[in-house]
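Counting starts at 1 for both ligands and their atoms, following the listed order. In what follows, residues are counted from 1 in the order of the sequence shown.
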Amino acid sequence: MQKTNRIHWFLGTLLMMAFFLISAWNVLAAQTAGIIDNADESNVRGWALNSSDPSSAAEVKVVITNQSNGQVVAELTTTASKYREDLASNGTGNYGFEIPVPWNSYGDGTYLVEAYTGGQKLSGTRVHGVGAAAAASLQNSSSNLRSLGAFKTTAYCPCRKCSGGWGGRTSTGTIATANHTISVDPRVIPYGSRIMINGVIYTAEDCGGGVKGNHIDIFFNTHGETRAYGTKSVEVYLVQ
Ligand SMILES: [Zn+2]
């Protein structure tokens with residue numbers, strides 16, 4: 001490596017560190033908080049508050065993502081300025097927001113609802129289903145989601161290579177079905193939990209020798225599908 005290249009590399013590293021520190025500082029400086037309380041057939045509701053400036057209303061951006069393809073279908077902005085009695089002790093109490101959502105214009109599917117204020121994500125991520133199939137898999141048109149973080153996800157099928165002599169039978173006694181069954185480490189995800197992965201809501205009802213810790217094995221009907229899936233790191237959600 002030439003000397004000038006080394007100097008450039010060094011300056012570049014310094015610059016990157018400076019940017020990192022500045023952005024970390026901005027995140028710390030913006031004292032925002034808030035939550036999405038509900039997402040129903042017509043609205044997304046919640047509250048947001050910039051506690052370093054509680055007298056002015058926070059801008060809120062609601063981001064709606066189609067879970068089957070990861071595409072953002074809408075970014076809706078509003079001002080959190082509706083009076084909420086439960087927040088009056090924090091200042092003016094004018095921190096609520098309610099934003100209409102034209103769900104039917106997005107088409108049938110499962111949608112992740114997230115909101116941001118001052119560059120920070122509000123808590124209370126929701127999932128909303130449009131159409132009968134999505135509503136049935138959610139058991140409701142709208143549910144609360146809790147992120148469990150990034151998991152290693154792999155795939156398996158009833159073949160001997162994947163499931164030994166078990167075939168399609170799961171460790172909880174059910175018959176494994178595609179788009180429904182996942183194999184988990186029950187010490188991490190209890191049996192019966194409903195877990196959303198890539199927009200599909202699965203039920204934890206199987207385990208496997210190779211499935212330990214933050215790892216989920218997803219059931220498919222054929223070995224070709226398991227090979228096509230491979231291994232992916234995915235943020236997974238507990239459906240509550
Ligand atoms: Zn297989």
Side-chain angles (χ1 to χ4, degrees), residues 39 63-73 103 106-114 121 124-240:
V63 179
I64 297 172
T65 310
N66 183 339
Q67 280 301 282
S68 59
N69 56 20
Q71 261 172 8
V72 173
V73 296
W103 289 113
Y106 306 150
D108 285 9
T110 308
Y111 296 91
L112 196 66
V113 183
E114 295 166 300
K121 191 171 170 179
T125 299
R126 314 281 308 190
V127 61
H128 186 80
V130 178
S137 80
L138 286 168
Q139 297 178 1
N140 233 320
S141 67
S142 180
S143 298
N144 202 13
L145 291 183
R146 186 155 68 83
S147 173
L148 302 178
F151 271 58
K152 174 187 174 184
T153 63
T154 51
Y156 71 112
C157 84
C159 85
R160 193 156 277 278
K161 199 173 155 204
C162 290
S163 298
W166 284 85
R169 270 177 305 132
T170 69
S171 58
T172 60
T174 59
I175 299 298
T177 48
N179 294 312
H180 173 79
T181 301
I182 50 174
S183 178
V184 298
D185 181 341
R187 292 170 304 179
V188 176
I189 296 176
Y191 286 135
S193 302
R194 294 189 304 135
I195 304 290
M196 187 168 92
I197 307 166
N198 299 320
V200 179
I201 293 160
Y202 297 91
T203 299
E205 59 182 13
D206 203 1
C207 70
V211 184
K212 293 277 176 276
N214 289 6
H215 176 194
I216 293 173
D217 213 9
I218 302 169
F219 181 86
F220 287 87
N221 286 325
T222 67
H223 200 71
E225 288 169 287
T226 73
R227 274 224 297 269
Y229 187 88
T231 301
K232 294 186 177 92
S233 176
V234 181
E235 184 173 14
V236 306
Y237 299 88
L238 178 67
V239 181
Q240 294 170 308

Y156 versus T226, closest heavy-atom pair with distance
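Where Y156 meets T226 most closely, the heavy atoms are C-CG2, 3.3 Å.
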Which residues satisfy the salt bridge (Lys or Arg N to Asp or Glu O under 4.0 Å) test with K232, sequence neighbours excluded?
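If we apply the salt bridge (Lys or Arg N to Asp or Glu O under 4.0 Å) test to K232, skipping adjacent residues, there are no hits.
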Restricting to non-hydrogen atoms, name the atom on I189 and the atom on F151 that form the minimum distance, rounded to 0.1 Å.
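Scanning both residues completely, I find the closest heavy atoms to be CD1-CE2, 3.8 Å.
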Which count of protein N, O or S atoms is obtained for distances strictly below 2.8 Å from the Zn ion (ligand 1)?
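Of the protein's nitrogen, oxygen and sulfur atoms, 4 lie under 2.8 Å from the Zn ion (ligand 1).
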Atom pairs and distances, side-chain donor-acceptor, residues 233-240, under 3.5 Å, sequence neighbours left out:
from : atom 1 : to   : atom 2 : distance (Å)
E235 : OE1    : Y237 : OH     : 3.2
E235 : OE2    : S147 : OG     : 2.6

Sequence neighbours excluded, which residues qualify as salt bridge (Lys or Arg N to Asp or Glu O under 4.0 Å) partners of D108?
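If we apply the salt bridge (Lys or Arg N to Asp or Glu O under 4.0 Å) test to D108, skipping adjacent residues, there are no hits.
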Donor-acceptor contact present, side-chain S163 to main-chain W166, <3.5 Å:
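No.
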